[in-house]
Amino acid sequence: MLKKTLVALALGGALMGAGQAMAADYAIDKQGQHAFVNFKISHLGYSWLYGTFKDFDGSFSFDAAKPQDSKVNVTLNTTSVDTNHAERDKHLRSDDFLNVGEHPTATFASTAVKSTGDGTADITGDLTLNGVTKPVVIAAKFIGEGKDPWGGYRAGFEGSTMLKLKDFDIQKDLGPASQEVELIISVEGVRK
Amino acid sequence: MQWRNSSSHYGLVSILMHWLVAVAVFGLFALGYWMVGLDYYSGWYKTAPDLHKSIGLLLFAVMLGRVLWRWMSPPPASLPNHGRVTRLASKLGHSALYLGLFVLMIAGYLISTADGRGIAVFGLFEVPATLTSIPDQEDVAGLVHEYLGWALVIFAGIHGLAALKHHFIDRDRTLMRMFGR
């Protein structure tokens with residue numbers, strides 16, 4: 001009896017272990033910086049302005065067979081905003097925009113992942129930006145996975161979502177064409 | 001009135017530069033305070049900072065001229081009725097105004113040139129960037145520029161009040177000397 005129970009426990013444990021191993025955990029490749037958090041906003045309706053956040057980190061778990069079990073967490077340093085123009089970056093850090101003095105970090109934590117087709121998914125999660133937490137949906141696309149040439153295993157995604165500046169308490173009005181910003185996240189993870 | 005300072009009177013060059021700098025300092029403060037609150041669609045949104053930077057850089061040149069002129073033609077001696085404390089306070093006060101103004105202008109320059117861009121002066125010529133590698137340069141320089149800007153106008157206001165005190169309370173020539181009397 002005891003023996004049987006032990007065997008069952010051991011087997012169960014092994015299966016659970018196997019189940020956990022299926023959805024592999026990945027760390028965003030910060031070391032090699034194969035990861036980008038970019039944004040894109042209209043300037044007056046005449047052109048696109050691109051910017052990036054240089055300093056962020058995070059992780060995700062992913063199993064191609066069970067995308068709905070995937071999870072993503074990203075923490076971002078809002079001070080690291082860079083639009084290739086020092087005066088503008090200073091302005092973006094001020095309380096007209098990101099208010100980095102009071103809110104130096106932004107975070108995204110997924111709450112649900114829904115497959116929407118072959119290699120695409122809607123990642124719902126809580127985005128905290130400028131001290132405001134709101135649910136957002138990131139339309140994500142699986143790019144690829146496999147062994148890298150240096151003994152590791154990698155998987156990569158790209159996703160984007162539209163944010164209304166007002167929703168995140170961003171005060172400056174940039175005009176009717178610039179009420180929304182597109183956030184574009186492109187990350188490669190190295191399997192832990 | 002003569003151009004150069006004498007042992008008892010200020011000359012025209014010192015007087016003109018003093019009042020030019022006074023007008024520029026208060027004007028730049030007002031312009032700076034006003035421009036940072038402008039609406040993005042205001043016609044001044046781009047023009048006002050360009051003016052602020054152009055005038056500021058010319059002011060830097062004038063201030064260099066002032067320092068040079070102080071050396072070439074030293075200011076008149078203190079008035080005989082000024083005691084040791086008054087003389088020391090005025091020396092320290094004037095040094096602080098000079099030093100504060102230079103640091104303020106340099107900080108302003110370091111904001112705009114932090115990414116290697118030069119500053120166009122009235123579209124006529126460009127002052128190139130030099131220092132670009134101070135960590136968080138535009139933010140650090142921005143804070144220095146903002147706080148020192150406030151400190152300097154307050155201090156310049158005290159400087160003006162002190163001159164009025166000499167004129168109306170002590171009834172001496174301190175203020176009138178800056179008008180060439």
Side-chain angles (χ1 to χ4, degrees), chain A residues 38-56 76-106 130 163-181, chain B residues 28 31-54 56-57 104-121 126-150:
Chain A
N38 298 339
F39 58 89
K40 176 185 171 187
I41 188 166
S42 174
H43 183 234
L44 305 170
Y46 306 150
S47 73
W48 293 111
L49 182 138
Y50 283 82
T52 197
F53 290 96
K54 288 173 146 180
D55 182 20
F56 61 93
L76 180 150
N77 174 6
T78 52
T79 313
S80 72
V81 65
D82 188 352
T83 64
N84 205 14
H85 192 290
E87 285 179 336
R88 177 168 55 217
D89 296 343
K90 174 176 174 288
H91 195 192
L92 291 177
R93 290 183 199 110
S94 77
D95 52 14
D96 271 350
F97 292 95
L98 294 170
N99 203 2
V100 305
E102 250 177 88
H103 306 296
T105 54
N130 193 24
L163 308 176
K164 282 197 177 67
L165 298 183
K166 290 264 164 7
D167 282 353
F168 290 89
D169 206 17
I170 289 170
Q171 299 294 327
K172 192 74 181 176
D173 192 341
L174 294 169
S178 315
Q179 297 292 308
E180 290 187 315
V181 60
Chain B
L28 282 174
L31 178 58
Y33 183 81
W34 172 70
M35 75 185 192
V36 294
L38 282 176
D39 184 82
Y40 196 64
Y41 277 65
S42 160
W44 287 98
Y45 190 87
K46 252 180 74 64
T47 324
D50 286 347
L51 269 177
H52 184 88
K53 288 182 261 188
S54 297
L57 284 169
L104 176 64
M105 291 186 291
I106 291 167
Y109 162 81
L110 289 176
I111 302 171
S112 298
T113 55
D115 54 17
R117 278 179 179 75
I119 300 174
V121 178
E126 191 173 282
V127 175
T130 45
L131 269 178
T132 55
S133 52
I134 300 169
D136 305 319
Q137 180 166 325
E138 63 271 25
D139 302 303
V140 174
L143 279 180
V144 171
H145 195 69
E146 187 181 353
Y147 285 111
L148 210 50
W150 278 101

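To find a chain, count down the sequence lines: A is the first, B the second, and so on, and within it residues start at 1. This structure is a prediction, so every number in the text was calculated from the model and none was measured.
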Would the number of heavy atoms belonging to other residues, nucleotides or ligands and lying under 6.0 Å from CH2 of B:W44 be above 12? no
Mind checking which of residues 88-95 of chain A sit less than 4.5 Å from chain B, heavy atom to heavy atom? A:D89, A:K90, A:H91, A:R93
Taking CG in A:N84 as the centre, count heavy atoms belonging to other residues, nucleotides or ligands within less than 6.0 Å. Is the count above 12? no
Could you list which of residues 98-106 of chain A have a heavy atom closer than 4.5 Å to any heavy atom of chain B, in residue-number order? none
So if I take each residue of residues 163-176 of chain A and look for any heavy atom under 4.5 Å from a heavy atom in chain B, which residues do I end up with? A:K172, A:D173, A:L174, A:G175, A:P176
When rounded to the nearest 0.5 angstrom, what distance separates CG in A:L44 from OH in B:Y41? 5.0 Å
Which pair of heavy atoms, one from A:E87 and one from B:S112, lies closest together, and at what distance? OE2-OG, 2.5 Å
Does any pair with a residue in residues 108-121 of chain B pass salt bridge (charged side-chain N to carboxylate O under 4.0 Å, His left out), and if so which ones, sequence neighbours excluded? B:D115-B:R117
What pair of heavy atoms forms the shortest contact from B:V36 to A:D96, and how long is it? O-OD2, 4.4 Å
If you count heavy atoms of other groups shown closer than 6.0 angstrom to OH of B:Y147, is the number above 12? no
Considering only heavy atoms and a distance below 4.5 Å, find which of B:T132, B:T113, B:D136, B:I111 pairs most often with chain A. B:I111
